[in-house]
Protein chains: 2
Amino acid sequence: MKINFLEQYRQQIKCLVALDSIIFGFDGTDLKLLLVKRGIETEHDTWSLMGGWLAPNETLEMAAHRIVFELIGLENVYLEQLGAFGDPTRDPVERTVSVAYFALINVPNYDDKIDHVFDAAWFPINDLPELLFDHKEMVAQAKEKLKYKAAFHPIGFELLPEKFTLPQLQNLYEAIFGVTIDKRNFSRKMLSTNLLIKLKEKQKGFSKKGAFLYKLDAERYKQDFNAFLNFIPNPDI
Amino acid sequence: MKINFLEQYRQQIKCLVALDSIIFGFDGTDLKLLLVKRGIETEHDTWSLMGGWLAPNETLEMAAHRIVFELIGLENVYLEQLGAFGDPTRDPVERTVSVAYFALINVPNYDDKIDHVFDAAWFPINDLPELLFDHKEMVAQAKEKLKYKAAFHPIGFELLPEKFTLPQLQNLYEAIFGVTIDKRNFSRKMLSTNLLIKLKEKQKGFSKKGAFLYKLDAERYKQDFNAFLNFIPNPDI
DNA sequence: TTTGAAAACGTAAATATGACACTTACTTTT
DNA sequence: AAAAGTAAGTGTCATATTTACGTTTTCAAA
């Protein structure tokens, strides 16, 4: 009976739906997290993840992209859903379910486009301040998912500039996994993927010899994204 | 100003929050999906995933466990969040965000406990009927996540009975990944994990010789769950 | 007693991995 | 101009793993 059917809908609780973004960046040396102070939303000026509310007529993914764009002004950012967080007490004001996404950006691309409305800052991934609500747990899960995904898919490249060096690539993977990797083995493994195009150009201003610059073979990156790649020796994930 | 802060909350849309469960089972030969007909919820009696609504004072995970328990009557089922689905048009009645979980159960454990309120049936994973809403997409993503997770973690064992044979284990992995695996290589690889305890007992009534039964070393399973295991040659994930 | 089929056990060659040291290239210092 | 210093690049060897494959054993059915 249709009336009972609609009554079932009417009896259910409704929730606010938030989108929270864990924005990872890499500056060539360290993995970082972008945090903001949403001044009007808390009494303490605590650091938090960039977030916002789901709007009518947009999908979760559209909303997540809109929210990241509001902060950093870049489109086509790598964005992946982490999952939903729905503890009844997570927001003291009103029952809220948050759908968290993580983003991967190259830090130098960001600095040009900061939206100064937000009090935003980068923090080293292993030296984070106290976070609002369950954002600490979101960050922990995002770190795990980044490790997981990066172990087997070349998403790490989303954190690099268009041109990068092998030492930078190794720094990135060492930062993601918190391990030291033998540079001879790393180099051989990474070059064996045939994802890298070696440029004639060398990095300036960083080391005496200067490292060769590489770029990603975009075509092959696309083709091989789901091919099994195992960059990391015995990943703990 | 606090009034403006609360006004921000009041301006946001609210959604119903559904929980949908992708319940995988294995019967020793085939990987299957459990579907139900929620007769009062649709005009067509279409097959759908088992689902329900988020209730006050429960977390998403509690709700997912409750909903799975309502159908199959088992507790401590392996349950993992898949993610949130929130297309504005996914439910024609009212704006709904669904948080999907997948469950792994051993089919023979289920049959004793079926709740006949639901018109439930198992379907082979590669021969599914038309599904309600975005459930087809949820199933597709759950299959991918199962493959992904099973390639590197021994969650496949959640689909097996307490005692199983090597041929059954191989059938399971072949069903999950849709590939044929060399039984000599599979056996050597699987035994090398030291996760299996060989029993003196042999399987009866299936093959002439009868395969040895094994059980899982529970202690080692727990310890090694996050250790990197790579059962599948060149997994496509 | 024979048959047939699944299960168990095993081998060889190719490939990958882990641990490791020395040479090169280039800027800075003397 | 030469020497020094340092990061980057390159290579080797032993071991482990993987891939492809064949034969023997066990047991119920014929």
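Every heavy atom of this structure was used, including side-chain atoms; hydrogens, water molecules and symmetry mates were not. Below, chain A is the first sequence line, B the second, and so on; all start at residue 1.
- Comparing A:Ser207 and A:Ser187 by the nucleotide of DNA chain D whose heavy atom lies nearest to each, the residue mapping closer to the 5' end is A:Ser207.
- Atom-to-atom, CG of A:Asp182 to C1' of D:dA8 comes out at 14 Å; the value is rounded to the nearest Å.
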* Asked: Does the ring pair (Phe, Tyr, Trp, His ring centres under 6.0 Å) test come out yes or no for A:Tyr148 and B:Tyr148, once each step is laid out?
  -> CA-CA 10 Å; A:Tyr148 203 110; B:Tyr148 202 111; 5.2 Å; yes
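- If you measure from atom CG of B:Leu196 to atom P of C:dA8, you get 12 Å, rounded to the nearest angstrom.
- With B:Asp182 contributing its side chain and B:Asn185 its backbone, the two residues share a donor-acceptor pair below 3.5 Å.
- Between the CZ atom of A:Phe164 and the P atom of D:dA8 there is a distance of 15 Å, rounded to whole Å.
- Residue B:Gln203 is the one, among A:Lys204 and B:Gln203, whose nearest nucleotide of DNA chain C lies closer to the 5' end (criterion: closest heavy atom).
- Across the protein-nucleic acid pair, B:Lys198 atom NZ and C:dA7 atom C1' stand 10 Å apart, rounded to whole Å.
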* To do: Evaluate the ring pair (Phe, Tyr, Trp, His ring centres under 6.0 Å) criterion for residues A:Tyr221 and A:His153: first the C-alpha distance (whole Å), next the side-chain angles of each, then the deciding distance (0.1 Å), finally the verdict.
  => CA-CA 9 Å; A:Tyr221 172 81; A:His153 300 281; over 10 Å; no
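- Position along DNA chain D of the nearest nucleotide to B:Arg188 versus B:Arg184 favours B:Arg188 as the more 5'-ward residue.
- D:dT17 atom C1' lies 16 Å from atom CZ of B:Phe186, rounded to whole Å.
- Proximity of a side-chain donor or acceptor of B:Gln81 to a complementary backbone N or O of B:Ala100 within less than 3.5 Å is not detected.
- As a whole-Å value, the separation of B:Phe206 CZ from D:dT26 P is 21 Å.
- Each of C:dT28, C:dG18, D:dA29 was ranked by its minimum atom distance to the side chain of B:Lys208; first place goes to D:dA29.
- Side-chain atoms of B:Pro167 lie closest to C:dA7 of the nucleotides C:dC26, C:dA7, C:dC20.
- Judged by atom type and distance alone, B:Lys209 reaches the base of D:dT25 through a side-chain donor-acceptor pair under 3.5 Å.
- Residue B:Lys183 is in base contact, counting any heavy-atom pair closer than 4.0 Å across all strands shown.
- Other residues, nucleotides and ligands contribute at most 12 non-hydrogen atoms within 6.0 Å of the CG atom of B:Asn76.
- Nucleotide D:dG9 holds its P atom 12 Å from the CG atom of A:Leu199, rounded to whole Å.
- When the side-chain nitrogen and oxygen atoms of B:Lys189 are compared with OP1 and OP2 of D:dT18, one or more of them lie within a distance under 4.0 Å.
- Map A:Asn185 and B:Ala211 each onto its nearest nucleotide of DNA chain C; the residue landing nearer the 5' end is B:Ala211.
- As rounded to whole Å, 11 Å separates atom P of D:dG9 from atom CG of A:Leu169.
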